[in-house]
Amino acid sequence: MPEPSDPSLSAASTDPALSPSSDPTGPTAAVEPPPDFDPVHDITLDARSLRGLAHPVRLKIVGLLRAEGPATATRLAARLGINSGATSYHLRQLALHGFVVEAPDLGTGRDRWWRAAHRTTWYDPTAVGGDSRELGEAYLRTVARLYADRMLEAVAEMSTLPDAWQEAGTLSDYVFRLTPAELEQLIEDVSVVLRRYRRIDPEAVAPEGTAPVAFQFQAFPLPGAPGVEAPDGPGETS
């Protein structure tokens, strides 16, 4: 199920229908990638790459580069409210794991510019096993926190927006009663609609009248609700 593109979160998408992870503890059966997965522009997390990304600052950096385009460590530090030394360190780690690349066409000799290496990150929790499960959960908690932070920032800014943008947006939620198969179909139906719209490209000329718009999409069993317990019941073992 799609998750951010990052914080911008153009960074992340969790999808159980991804190609298998390179983690040897994960499943080995091949599965079909989602229809909009592009191996040239998208990346699937495995155990190694997960370790390189599962940090709040790194997720924010990837999200900013994907949403706003190339930047230097100094510019990113100003956007994130941290020192440029820390930003440079995280950029080097992201580069080591293939999430960002240098943009030599933009450099002036003194400044190193960086751009995101991918459009979207895909993560399949079932494909990362062993010791990486805990790291995967930490990654998802960070992504969820960044989504929540973005919503709070949007609410804080809402009253300052032009009326047309205030009226166009929404904060909505729905609760359904579904089977796992129906939930998968719901996600696919919404994904089909999303594919009709213009993906952000920070290095392209933006059409007149447009602005970056976040469509945050989460779908999951209602926490604590009956009907999704393990066969032996919560806290029991066979």
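Along the sequence shown, the residues carry numbers beginning at 1.
Nearest heavy atom pair, residue L50 against residue L45, reads CD1-CD1, 3.7 Å. Closest non-hydrogen pair, A73 versus T87, comes out as O-CG2, 3.5 Å. P212 and I200 make their closest contact through CB-CD1, 3.9 Å (heavy atoms, listed as atom of the first residue, atom of the second, distance). The nearest pair of heavy atoms linking A117 to G98 is CB-O, 3.4 Å. The two residues T142 and P56 have their closest heavy-atom pair at CG2-CA, 3.7 Å. L171 and V155 get closest at one heavy-atom pair: CD1-CG2, 3.6 Å.
Atom CD of E134 sits in a sparse spot, with 12 or fewer heavy atoms from other residues, nucleotides or ligands closer than 6.0 Å.
Criterion: ILVMFWY side-chain heavy atoms under 4.5 Å apart, direct or through other members. Under it, V40 and I43 are not part of a common hydrophobic cluster. No chain of hydrophobic side-chain contacts below 4.5 Å, direct or via other Ile, Leu, Val, Met, Phe, Trp or Tyr residues, connects V205 to Y197. Y174 and L186 fall within the same hydrophobic cluster, defined by Ile, Leu, Val, Met, Phe, Trp and Tyr side-chain heavy atoms under 4.5 Å apart, directly or through other members. Hydrophobic clustering (side-chain heavy atoms under 4.5 Å, transitive across Ile, Leu, Val, Met, Phe, Trp, Tyr) groups V213 together with L161. V62 and I82 fall within a single hydrophobic cluster, where Ile, Leu, Val, Met, Phe, Trp and Tyr side chains are chained together by heavy-atom contacts under 4.5 Å.
In this structure, H41 and T120 have side chains that are not in contact, with every pair of non-hydrogen atoms separated by 4.5 Å or more. Counting heavy atoms from C-beta outward, W114 and V101 have side chains that stay 4.5 Å or more apart. Side-chain contact between F99 and I61 is absent, with no heavy-atom pair separated by less than 4.5 Å. Looking at heavy atoms from C-beta onward, Y89 lies in side-chain contact with R58 at the 4.5 angstrom threshold. Between L80 and L64, the closest side-chain pair of non-hydrogen atoms falls below 4.5 Å. The shortest side-chain heavy-atom distance between T44 and Y123 does not fall under the 4.5 Å cut-off. Counting only heavy atoms from C-beta outward, the side chains of E184 and I187 never approach each other to under 4.5 Å. Residues L96 and R92 are not in side-chain contact: their nearest non-hydrogen atoms beyond the backbone lie 4.5 Å or more apart.
A side-chain donor from one of R66 and T121 sits under 3.5 Å from a side-chain acceptor of the other. A donor and an acceptor atom, one from each side chain of S172 and T170, are located under 3.5 Å apart.
The structure places CZ of R199 at 10.5 Å from CG of D201, a figure rounded to the nearest 0.5 Å. Separation of atoms CZ (R79) and OG1 (T74) is listed at 14.5 Å; rounding is to 0.5 Å. Of the inter-residue distances, the one linking L76 atom CG with W113 atom CH2 reads 9.5 Å to the nearest 0.5 angstrom.
The ring pair (Phe, Tyr, Trp, His ring centres under 6.0 Å) test applied to H55 returns H90, not counting sequence neighbours. Q166 is linked by a side chain to side chain donor-acceptor pair (under 3.5 Å) to nothing, counting only residues two or more places apart in sequence or in another chain.
Ring geometry, F217 versus F215: the interplanar angle exceeds 60°, so the pair is classed perpendicular (tilted spans 30 to 60°).
A side-chain donor-acceptor contact under 3.5 Å links S88 to the backbone of S84.
Applying the side-chain hydrogen bond (donor to acceptor under 3.5 Å, both in side chains) test to every pair with at least one member in residues 97-106, sequence neighbours left out, gives these pairs: E102-R112, D105-R115.
By the 4.0 Å N-to-carboxylate-O rule, R195 lies close enough to E188 to be salt-bridged with it.
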